[in-house]
Amino acid sequence: MLKLVKYPDPVLARSCEQVTEFNDELRALIDGMADIMYSSEGVGLAAPQVGASKRVLLIDPTGGEDANAMLALINPRVTWHSPEMETDQEGCLSLPGAILQVPRSVAVDVEYHDVMGKQLVRRFTEFEARIVQHEVDHLDGVLMIDKVGHLTRTLVMKGLGNNR
Ligand code: CO
């Protein structure tokens with residue numbers, strides 16, 4: 001049974017390993033991640049957030065409203081960032097209670113494998129692009145608090161410390 005991992009667990013700061021085998025173990029990981037994402041009312045989740053240091057992420061911009069909206073990206077690689085950026089609020093299941101204004105590209109192109117190991121390319125825009133960039137950051141050990149200024153970061157970490 002997988003469990004949601006929260007800051008400051010060191011697995012969240014680690015760079016994750018490429019997936020090389022597209023097998024039952026991978027499918028079980030994705031199923032377990034989906035359960036946690038939906039029960040936590042998230043719109044995205046990265047494998048290190050359940051303690052698995054693997055390059056796997058899920059997104060569902062509908063938060064489960066559309067049963068077909070969930071997408072699993074394995075070994076995702078952003079090959080293009082739009083120069084146009086937008087700053088908007090973001091939360092993170094591993095940083096409960098923190099809402100930050102984070103700048104992101106409005107669109108990204110991502111190369112990834114699907115759950116069967118097929119190589120795909122897809123352009124994500126707007127909210128989807130924001131979720132994908134947030135989750136890809138997790139695979140490189142980067143959290144949204146790493147994308148904001150020092151003062152905001154200090155305040156957020158203090159708040160998280162007080163909630164423990
Ligand atoms: Co997150």
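Quantities reported herein were computed from a predicted structural model and do not represent experimental measurements. We're numbering straight along the sequence, starting at 1. Atom set for the values below is all heavy atoms of this structure, side chains included, hydrogens, waters and symmetry mates excluded.
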Atom CD of Q18: over 12 foreign heavy atoms under 6.0 Å
yes
Taking N75 as the fixed residue, which of E111, H113, R55 is the one that meets the side-chain hydrogen bond (donor to acceptor under 3.5 Å, both in side chains) rule?
H113
Consider only side-chain heavy atoms of I, L, V, M, F, W and Y, link residues closer than 4.5 Å, and tell whether V108 and F127 are in one cluster.
yes
Measure the CD-CG distance between E90 and L143 for me, rounded to the nearest 0.5 Å.
11.5 Å
Step by step, would you call D146 with R153 a side chain to side chain contact (heavy atoms under 4.5 Å, CB included)?
CA-CA 7 Å; D146 301 317; R153 188 187 156 99; 2.4 Å; yes
Enumerate the ring pair (Phe, Tyr, Trp, His ring centres under 6.0 Å) contacts for residues 31-51, please, sequence neighbours excluded, ordered by first and then second residue.
none
Check: residues 116-126 side-chain donor-acceptor pairs under 3.5 Å, at least two apart:
| from | atom 1 | to | atom 2 | distance (Å) |
| --- | --- | --- | --- | --- |
| R123 | NE | D109 | OD1 | 2.7 |
| R123 | NH2 | D109 | OD1 | 3.4 |
| R123 | NH2 | D109 | OD2 | 3.0 |

Mind checking the NZ-CD spacing from K54 to E25? Nearest 0.5 Å is all I need.
4.5 Å
Using 0.5 Å steps for rounding, measure from the CG atom of D31 to the CG atom of L58.
9.5 Å
Find out whether L95 and M144 are in side-chain contact, i.e. whether some heavy atom of one side chain is under 4.5 Å from a heavy atom of the other.
yes
Show me the donor-acceptor pairs, under 3.5 Å and distance only, between side chains in residues 40-53 and residues at least two apart or in other chains.
| from | atom 1 | to | atom 2 | distance (Å) |
| --- | --- | --- | --- | --- |
| S40 | OG | I36 | O | 2.6 |
| Q49 | OE1 | A46 | N | 2.9 |
| Q49 | NE2 | S94 | OG | 3.0 |

Mind checking the OG1-CG spacing from T20 to L26? Nearest 0.5 Å is all I need.
10.0 Å
State, yes or no, whether a side-chain contact exists between L29 and L2 at a heavy-atom distance under 4.5 Å.
yes
Under a 4.5 Å side-chain heavy-atom rule over Ile, Leu, Val, Met, Phe, Trp and Tyr, are M70 and L73 clustered together?
no
Would a 4.5 Å heavy-atom cut-off, applied to side chains only, mark R130 and V102 as touching?
yes
With a 4.5 Å heavy-atom cut-off, do P76 and L139 have their side chains touching?
yes
For the pair V115 and R27, evaluate side chain to side chain contact (heavy atoms under 4.5 Å, CB included) and give the outcome as yes or no after the intermediate values.
CA-CA 7 Å; V115 70; R27 285 184 280 279; 3.7 Å; yes
Rounded to the nearest 0.5 angstrom, the CD1-OG1 distance for I145 and T152 is 11.0 Å
R104 and D137 ion-paired at < 4.0 Å
yes
For Q101, look at atom CD and say whether over 12 heavy atoms of other residues, nucleotides or ligands are found less than 6.0 Å away.
yes
V78 reachable from V19 in the ILVMFWY side-chain graph, under 4.5 Å edges
no
Going hydrophobic residue to hydrophobic residue with side-chain gaps under 4.5 angstrom, can you get from V156 over to L12?
yes
If you compare all heavy atoms of M85 against all heavy atoms of S105, which two are closest, and at what distance to 0.1 Å?
SD-OG, 3.6 Å
On a heavy-atom basis, the closest approach of K6 and P96 is CD-CG, 3.9 Å
Which distance, rounded to the nearest 0.5 Å, do you find between the CG of L100 and the OG1 of T87?
11.5 Å
If hydrophobic clusters are built by linking Ile, Leu, Val, Met, Phe, Trp and Tyr wherever their side-chain heavy atoms come under 4.5 Å apart, do V56 and L93 end up in the same one?
yes
Heavy atoms of G64 and D60 approach each other most closely as N-OD2, 3.0 Å
